[in-house]
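All values below come from the heavy atoms of this structure, side chains included, with hydrogens, waters and symmetry mates left out. The chains referred to below are lettered A, B, ... by the order of the sequence lines, with proteins before strands, and numbering in each begins at 1.
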There are 2 protein chains.
Amino acid sequence: MGPAGSDNWHAMLDGAETILREEGHAALTSRRVADQIGVKQRLVYYYFRTMDDLIIETFRRLSERELARLANAAGSQLPLRQIWEVCVNTADARLISEFMALATRIDGLGKEVIHFIESSRAIQIEAIRKASSGSKADHDLPAEALAVLATSVALALTRERQLGVRSGHPEMHGLIDRFLEGLEPRYAAIPDAPKG
Amino acid sequence: MGPAGSDNWHAMLDGAETILREEGHAALTSRRVADQIGVKQRLVYYYFRTMDDLIIETFRRLSERELARLANAAGSQLPLRQIWEVCVNTADARLISEFMALATRIDGLGKEVIHFIESSRAIQIEAIRKASSGSKADHDLPAEALAVLATSVALALTRERQLGVRSGHPEMHGLIDRFLEGLEPRYAAIPDAPKG
DNA sequence: GTCTATACACCGATAGAC
DNA sequence: GTCTATCGGTGTATAGAC
């Protein structure tokens with residue numbers, strides 16, 4: 001078995017990610033991964049015992065990356081806005097759809113996906129709590145519900161946009177902007193700051 | 001080509017739906033569909049020119065069914081609550097994930113999916129508008145945004161529930177209940193009606 | 001560590017008998 | 001309308017040379 005973390009190992013995960021994103025998991029085969037990075041098919045089985053292993057590793061690396069982005073956003077100024085940005089510009093919605101579809105059927109992937117969802121939710125909830133306690137906007141929306149809302153809407157908007165649907169999107173984005181402005185005003189401490 | 005609407009035709013779509021739901025589109029083959037309904041593989045190609053055609057027809061039949069359920073809910077008493085029920089108890093979230101993943105890559109399916117999303121959104125927006133104008137709850141949430149919210153959250157909750165995630169769900173359901181109660185009270189005209 | 005070669009199963013789609 | 005039989009292609013995974 002080839003070493004995890006080596007150049008070829010990363011290259012194979014990169015290839016798998018690209019294929020999943022652009023063509024879906026029906027096209028994710030050892031031959032395609034090998035072609036993608038210019039090696040022979042046999043080598044894929046030197047680095048990964050099975051294709052399922054490769055898929056699980058691909059998700060694990062991706063989710064670590066995303067959790068790091070989220071944690072970073074939560075520690076920034078304007079954490080809520082940054083978190084929202086991460087959610088909307090997260091890994092391609094197609095990629096997420098593929099992993100969701102696979103999670104039900106590849107044993108071991110489901111566990112990883114659950115861990116990712118719960119970790120990212122925890123980060124979001126904490127950030128929302130902090131922002132709420134420091135804000136004068138009064139709403140009775142539990143942080144847990146807001147975290148679910150953010151994730152759900154971000155994913156749906158991204159997926160629909162990629163598909164070519166726009167109806168309701170401007171109004172949804174407007175609502176989010178207004179809500180964020182109430183909870184985390186862009187220029188809270190600088191009343192006369194320039195706009196934009 | 002076999003006649004659309006015949007028993008075998010429906011049986012094949014049923015079989016395709018089951019396979020998609022339980023095993024995903026990687027397992028959706030003409031042989032599997034044939035096995036599922038007890039005929040030989042060749043017959044699938046008598047009723048459908050290609051496997052892509054079969055997939056598109058499967059989605060079309062499903063979406064017509066769902067749009068009918070939605071329209072029916074919109075015409076009921078408590079339309080918002082009924083629509084929410086339809087969204088939450090819609091076709092298996094796994095099934096939706098599969099079609100979403102396929103929509104990007106099967107020409108002709110994307111068009112159908114877009115049509116479905118926009119039609120269901122239009123039904124929801126109209127129902128929300130009606131309910132809002134007849135309600136005394138004052139909120140400044142556009143009907144379009146609420147429709148996007150409902151669809152997004154319902155799908156995400158269903159998907160996560162099937163996966164085994166629960167964090168944030170009770171709070172989310174609580175928020176939805178409170179919101180619906182404000183917009184479409186369960187016993188608006190019957191102040192002393194019994195609870196439950 | 002990377003390769004050639006191969007075993008064996010399954011795929012979509014078609015030819016053509018009944 | 002349903003079948004048997006088959007073509008050419010591709011899949012996972014492994015054996016074993018270098």
Side chain of B/Val39: nearest nucleotide among C/dT4, C/dG1, D/dC3? D/dC3
If you check the B/Leu43 side chain, which of D/dT2, D/dG11, C/dT2 turns out closest? D/dT2
Rounded to whole Å, the CG-C1' distance (B/Asp7 to D/dG1) equals 13 Å
Find the distance A/Lys40:NZ to D/dT14:C1' and express it as a whole number of Å. 18 Å
Under 3.5 Å side-chain donor-acceptor pair for A/Glu66 and A/Thr90: yes
Toward the 5' end of DNA chain C, which comes first, A/Gly2 or B/Ala27, by nearest nucleotide? A/Gly2
Could a donor-acceptor pair under 3.5 angstrom be found where the side chain of A/Arg31 meets the base of D/dT12? yes
Just verifying a value: how many Å separate B/Leu146 CG and B/Gln124 CD, rounded to the nearest 0.5 Å? 10.0 Å
It should be established whether A/Tyr47 places a side-chain nitrogen or oxygen under 4.0 Å from OP1 or OP2 of nucleotide C/dT2. yes
Positions of residues 49-57 of chain A (non-hydrogen atom under 4.0 Å from DNA chain D), listed by number: A/Thr50, A/Met51
Which nucleotide, D/dA13, C/dT4, C/dG16, lies nearest any side-chain atom of A/Arg42? C/dT4
To the nearest Å, give me how far apart CD (B/Gln41) and P (C/dG16) are. 17 Å
Grab the CD1-C1' distance between A/Ile106 and D/dT12 for me, whole Å please. 14 Å
Filter on salt bridge (Lys or Arg N to Asp or Glu O under 4.0 Å), then keep only pairs touching residues 97-106 of chain A, sequence neighbours left out; what's left? A/Glu98-B/Arg105, A/Arg105-B/Glu98
For the residue pair B/His25 and B/Phe99, is the inter-centroid distance of their aromatic rings smaller than 6.0 Å? no
Between D/dG11 atom P and B/Leu28 atom CG, what is the distance in whole Å? 18 Å
Sugar-phosphate only, base, or nothing, as touched by A/Phe48 at under 4.0 Å among non-hydrogen atoms: nothing
Verify whether one side chain among A/Ser30 and A/Gln41 offers a donor that lies under 3.5 Å from an acceptor in the other. yes
Side-chain N or O of A/Tyr46 closer than 4.0 Å to phosphate OP1/OP2 of C/dT2: no
To the nearest 0.5 Å, what is the distance between CG (B/Leu13) and OG1 (B/Thr58)? 4.5 Å
Minimum-distance nucleotide (side-chain atoms of B/Thr29 versus C/dG1, C/dT4, C/dG12): C/dG12
Is the shortest side-chain N to carboxylate O distance from A/Arg60 to A/Glu57 below 4.0 Å? yes
